[in-house]
Amino acid sequence: MENESPIYSGKAKSLYRTANPGEMLMKFRDDITAFDGGKKDTLSGKGSRNAAVSSYFFRLLEKNGIRTHFLRMESENTMIVRALRMIPLEVIVRNIAAGSLVRNYPFKEGTVLKPPVIVIDFKDDTKHDPMLNDDIILALGVLDRASLTRLKQFARRINTVLSRDLKKKGIKLVDFKLEFGFAGEDILVGDEISMDSMRLWDEKTNESLDKDVYRFDKGDVLSTYRSVTGRILPCENDHRNT
Ligand code: 5GP
C-alpha cells in the first residue's frame, strides 16, 4: 500500500484501493489542518488516535443498529472500509451553540439547543462548504426527499448514541459532522468520527478536547488528543508516548 498512490487524498486521510473492489483502505495521516487548509501541521501519533476513536464510534453505532462503512482495523492508523458512493454533504448536529453558529447567528456560545439543530453544508472547500437548505439539496439533485429525511433521522439517532456514551465519560458532545454514502440503496455512515470532526467539552470545566485546541492555539493538541482518546476508549488507556 505504501508504494501505491492513493485514489483520494484529503486534508488528513488518504484512501487506497485493495484487492477487493468492494473494500478500501483508509489511512488516518498525522496531518492536521484548519481554516480550509490555511493552518497546517504534522503531529506524530495524531492519525492513530483519530483512527482508534473513529473505529470505537463506528463499532458503537453498529451495535446500536446504525450501519457504517467500518469493516476492521488493518493497523493503528489504517482501517478497511466498505466502498461507498459518497454523498457530497456534511451533516452537522449541534447540541450546544459554538463555532460557526455563534459566528454567523445571534447565539450565545454555550446555549443548549433543544431539540438539537441539524445543519447541512455542501462539501466543497473551494466554496468554503456553503450551508444548504432542503430546497437547494433537492434542486441540485444530490438526494431525493425520502433519502434526505432518512439522513436527518440517522443523524438524530447517531447523536443520541454518541451523546449518551460521551456523557458517561464526563464529556459533552457540543457538535459533530457526519458524512454518508450509498452502498446500493442503503445509506451508511462514512468518513470518520473523531476529534477532528467533533467539538467535545469537558463536562465540569468546559475545556475543549478537540480540534479547537489546534484551531485557536488553546494548548498542546497532541496531549489533548492522547488524553481524550484514553477517556473515550473503554478499558484501554492509551499508553503510547508519541
Ligand atoms: P463549525 O460549523 O462550527 O465550524 O463546525 C461544526 C462541527 O462540524 C465541528 O465539530 C467541526 O469540527 C465539524 N466540521 C465542520 N466542517 C468540517 C469539515 O470540513 N471537516 C471536519 N473534519 N469537520 C468539520
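First listed ligand is number 1; within each ligand, the first listed atom is number 1.
- Judged by distance alone, the side chain of His69 and the main-chain N or O of Ala83 form no donor-acceptor pair under 3.5 Å.
- Of the listed residues (Asn77, Thr42, Asp41, Leu222), just one forms a side chain to side chain contact (heavy atoms under 4.5 Å, CB included) with Asp30, and that residue is Thr42.
- Atoms of ligand 1 lying under 4.0 Å from any heavy atom of Glu90, numbered from 1 in the order shown and given with element: 16 (N), 17 (C), 18 (C), 19 (O).
- Remark: Asp202 engages Arg231 in a salt bridge (Lys or Arg N to Asp or Glu O under 4.0 Å) (not counting sequence neighbours).
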Using salt bridge (Lys or Arg N to Asp or Glu O under 4.0 Å), reason through Asp121 and Lys177 one step at a time and then give a plain yes or no. CA-CA 10 Å; Asp121 290 348; Lys177 187 256 317 175; over 6 Å; no
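- Under 4.0 Å from ligand 1, not a single heavy atom of Lys211 appears.
- Look at Arg67 and Glu62 and you find no salt bridge, because none of the NZ, NE, NH1 or NH2 atoms lies under 4.0 Å from a carboxylate O.
- A salt bridge links Lys167 with Glu203: the closest approach of a Lys/Arg side-chain nitrogen to an acidic carboxylate oxygen falls below 4.0 angstrom.
- Looking only at protein heavy atoms, the nearest one to atom 9 (C) of ligand 1 is Asp175 OD1, 3.1 Å.
- Of the listed options Arg103, Arg215, Met131, Arg215 places a heavy atom closest to atom 12 (O) of ligand 1.
- Near Asp196, meaning under 4.0 Å from any of its heavy atoms, are these atoms of ligand 1: 12 (O), 21 (C), 22 (N), 23 (N).
- The closest heavy-atom contact to atom 6 (C) of ligand 1, among the options Arg94, His128, Lys123, Met195, comes from Arg94.
- Among Ser197, Ser100, Gly99, the residue whose heavy atom lies nearest to atom 1 (P) of ligand 1 is Ser100.
- Of all the atoms in ligand 1, the ones that sit under 4.0 Å from a non-hydrogen atom of Asp129 are 19 (O).
- Looking only at heavy atoms of the protein, atom 15 (C) of ligand 1 is closest to Ile92 CD1, 3.9 Å.
- Ion pair Asp134/Lys152 flagged as a salt bridge, since at least one NZ, NE, NH1 or NH2 atom sits closer than 4.0 Å to an Asp/Glu carboxylate oxygen.
- Among all protein heavy atoms, the one lying closest to atom 20 (N) of ligand 1 is Lys177 CE, 3.7 Å.
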